[in-house]
Amino acid sequence: LDVPSYVQFVLAGDGLQAFRDLQLMLQYVQWQHFPGRSRRWILKTPSLFGFETAYAAQFEGTDFIVTHRDPAACWPSVCSLFCGIRALFSETDYRPVANTFITANFTHAIDRHLAWRADYPPEKVIDLRFSEIVEDEMAALQRVYDWLGMPFTETAQRNVEHWLALSAKRGYARNTATPEDFGTTAAQIRQDTADYIDRYGAYLQLEEARTP
């Protein structure tokens with residue numbers, strides 16, 4: 001079933017309890033597997049977008065790596081992911097409501113993200129363009145390591161090269177969905193996310209969205 005009111009209920013919360021639980025799980029994992037080691041945790045999830053204030057309150061002093069891409073370019077993939085997850089539990093076709101759900105979710109998250117960004121120490125955040133990451137991974141990593149004050153060792157570089165080689169062999173198929181598949185357009189998506197685009201225009205390369 002599609003229950004928008006439940007989603008609104010979840011988004012209305014501050015997320016603190018979820019991050020308290022996460023911290024306890026990380027502490028347990030570190031105690032079990034990495035006792036006495038002072039390595040940094042690297043936590044990655046798109047779902048953190050909009051909940052940075054709560055995350056930073058629980059994990060004080062966090063350095064944030066914020067990546068940016070034209071919303072219209074990734075929107076079809078996000079809508080497809082939404083439908084795919086729902087398909088695990090229901091035979092209902094959620095394509096007619098996917099764009100409405102994602103628009104409501106993202107616009108709410110944008111407001112919260114921008115409010116956090118205005119208050120968080122700028123030296124604790126680094127912004128990366130999508131093109132930086134996919135076109136020259138090593139240069140992007142070197143920039144992040146330099147920003148963190150960490151050495152990008154030859155061992156680390158070899159490990160990354162090995163991972164990239166393995167990833168290339170997996171042969172992931174590109175998502176071919178278009179905004180129109182979900183009842184919207186690139187122009188409408190950019191209008192709905194205008195606050196984000198205005199704030200991060202310097203880090204965005206507005207791409208030509210796929211068309212039917």
Side-chain angles (χ1 to χ4, degrees), residues 14-71 73-74 77-78 81 106 109-110 112-172 193 196-207:
D14 59 17
L16 271 173
Q17 187 56 52
F19 294 127
R20 293 189 187 105
D21 294 342
L22 175 61
Q23 187 177 53
L24 285 174
M25 287 187 284
L26 293 176
Q27 288 172 333
Y28 176 78
V29 170
Q30 186 163 325
W31 169 67
Q32 282 284 72
H33 301 287
F34 308 103
R37 300 178 69 176
S38 58
R39 298 177 65 178
R40 300 179 63 131
W41 284 98
I42 302 174
L43 306 177
K44 174 185 179 294
T45 170
S47 298
L48 182 59
F49 186 65
F51 288 97
E52 294 93 347
T53 296
Y55 181 94
Q58 190 63 30
F59 296 91
E60 295 183 11
T62 293
D63 295 306
F64 286 86
I65 301 168
V66 182
T67 59
H68 302 283
R69 190 181 183 188
D70 175 12
C74 59
S77 294
V78 177
L81 177 62
F106 266 67
I110 286 170
R112 292 165 64 141
H113 170 84
L114 294 179
W116 161 77
R117 190 63 189 269
D119 293 334
Y120 203 69
E123 68 275 9
K124 301 290 287 180
V125 186
I126 187 173
D127 295 283
L128 292 178
R129 297 179 180 86
F130 177 74
S131 59
E132 289 183 85
I133 299 169
V134 299
E135 293 175 5
D136 193 342
E137 295 93 343
M138 289 300 178
L141 281 169
Q142 183 67 67
R143 183 181 166 205
V144 171
Y145 270 70
D146 290 344
W147 173 67
L148 292 171
M150 298 172 57
F152 189 39
T153 64
E154 292 183 2
T155 299
Q157 183 170 333
R158 285 196 301 271
N159 289 339
V160 173
E161 291 171 343
H162 178 66
W163 184 90
L164 289 173
L166 289 176
S167 181
K169 292 180 180 179
R170 294 189 177 104
Y172 294 118
T193 58
Y196 168 80
I197 293 174
D198 288 345
R199 171 62 176 81
Y200 293 111
Y203 299 98
L204 297 175
Q205 292 176 311
L206 300 186
E207 304 173 31

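Owing to the predicted nature of the structure, the values given are computational and were not obtained by experimental measurement.
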S.K.: Please check if the side chain of Thr62 supplies one atom and the backbone of Phe64 the other of a donor-acceptor pair under 3.5 Å.
M.R.: no
S.K.: Scan residues 140-149 for pairs that pass salt bridge (charged side-chain N to carboxylate O under 4.0 Å, His left out), counting only residues two or more places apart or in two chains.
M.R.: Glu132-Arg143
S.K.: Does CG in Leu166 sit with more than 12 non-hydrogen atoms of other residues, nucleotides or ligands closer than 6.0 Å?
M.R.: yes
S.K.: Would you give the length of the straight line joining atom OG1 of Thr67 to atom CZ of Arg129, rounded to the nearest 0.5 angstrom?
M.R.: 13.0 Å
S.K.: Please enumerate all residues that pass side chain to side chain donor-acceptor pair (under 3.5 Å) together with Ser131, with sequence neighbours excluded.
M.R.: Gln205
S.K.: Can you name the residues that form a side-chain contact (heavy atoms from CB on, under 4.5 Å) with Leu114, not counting sequence neighbours?
M.R.: Ile110, Asp195, Arg199, Tyr200
S.K.: Within a strict 4.5 Å, meaning less than it, do heavy atoms of the Leu26 and Leu43 side chains meet?
M.R.: yes
S.K.: side-chain contact (heavy atoms from CB on, under 4.5 Å) between Leu24 and Gln27: does it pass, once the steps are laid out?
M.R.: CA-CA 5 Å; Leu24 285 174; Gln27 288 172 333; 3.6 Å; yes
S.K.: Any side-chain heavy atom of Gln58 sitting closer than 4.5 Å to one from Leu22?
M.R.: no
S.K.: Which of parallel (below 30°), tilted (30 to 60°) and perpendicular (above 60°) describes Phe49 and Phe106?
M.R.: tilted
S.K.: Side-chain contact test, heavy atoms from C-beta onward, threshold under 4.5 Å: evaluate it for Phe152 versus Met138 and give yes or no.
M.R.: yes
S.K.: Listed by chain and number, what are the side chain to side chain donor-acceptor pair (under 3.5 Å) partners of Trp147, not counting sequence neighbours?
M.R.: none
S.K.: For Trp163, look at atom CH2 and say whether over 12 heavy atoms of other residues, nucleotides or ligands are found less than 6.0 Å away.
M.R.: no
S.K.: Does either side chain, that of Arg20 or that of Gln23, offer a donor lying less than 3.5 Å from an acceptor on the other one?
M.R.: no
S.K.: Begin with the C-alpha distance, continue with both residues' side-chain angles, and end with the deciding distance and a verdict on ring-ring contact (aromatic ring centres under 6.0 Å, His included) for Tyr55 and Phe59.
M.R.: CA-CA 6 Å; Tyr55 181 94; Phe59 296 91; 4.7 Å; yes
S.K.: Using the test side chain to side chain donor-acceptor pair (under 3.5 Å), find all partners of Asn159 that sit at least two apart in sequence or belong to another chain.
M.R.: none
S.K.: Should Phe34 and Val29 count as side-chain neighbours, where that means a heavy-atom distance under 4.5 Å?
M.R.: yes
S.K.: Locate the shortest heavy-atom distance separating Trp116 from Ala56; write the atom from each residue and the value.
M.R.: NE1-CB, 4.4 Å
S.K.: Tell me the closest heavy-atom pair linking Asp70 and Leu204, and the distance in Å.
M.R.: N-CD2, 3.8 Å
S.K.: So do the side chains of Tyr145 and Thr153 get within less than 4.5 Å of each other, counting heavy atoms only?
M.R.: no
S.K.: Would you name the heavy atoms of Ala54 and Gly15 that are closest together and state the gap between them?
M.R.: CB-C, 4.2 Å
S.K.: List in chain and number order the residues that pass side chain to side chain donor-acceptor pair (under 3.5 Å) with Ser167, two or more places apart in sequence or in another chain; answer none if no residue qualifies.
M.R.: none
S.K.: Looking at side-chain heavy atoms only, is the closest gap between Tyr120 and Glu52 below 4.5 Å?
M.R.: no
S.K.: Take Val134 and Arg69 through the test side-chain contact (heavy atoms from CB on, under 4.5 Å) and record every step on the way to the result.
M.R.: CA-CA 11 Å; Val134 299; Arg69 190 181 183 188; over 6 Å; no
S.K.: In terms of heavy-atom contacts, does CD of Glu154 have more than 12 from other residues, nucleotides or ligands at under 6.0 Å?
M.R.: no
S.K.: Quick check for you: to the nearest 0.5 Å, what is the distance between Asp63 atom CG and Leu148 atom CG?
M.R.: 5.5 Å
S.K.: Using every non-hydrogen atom in the two residues, find where His68 and Tyr196 come nearest and quote the distance to one decimal.
M.R.: ND1-OH, 2.8 Å
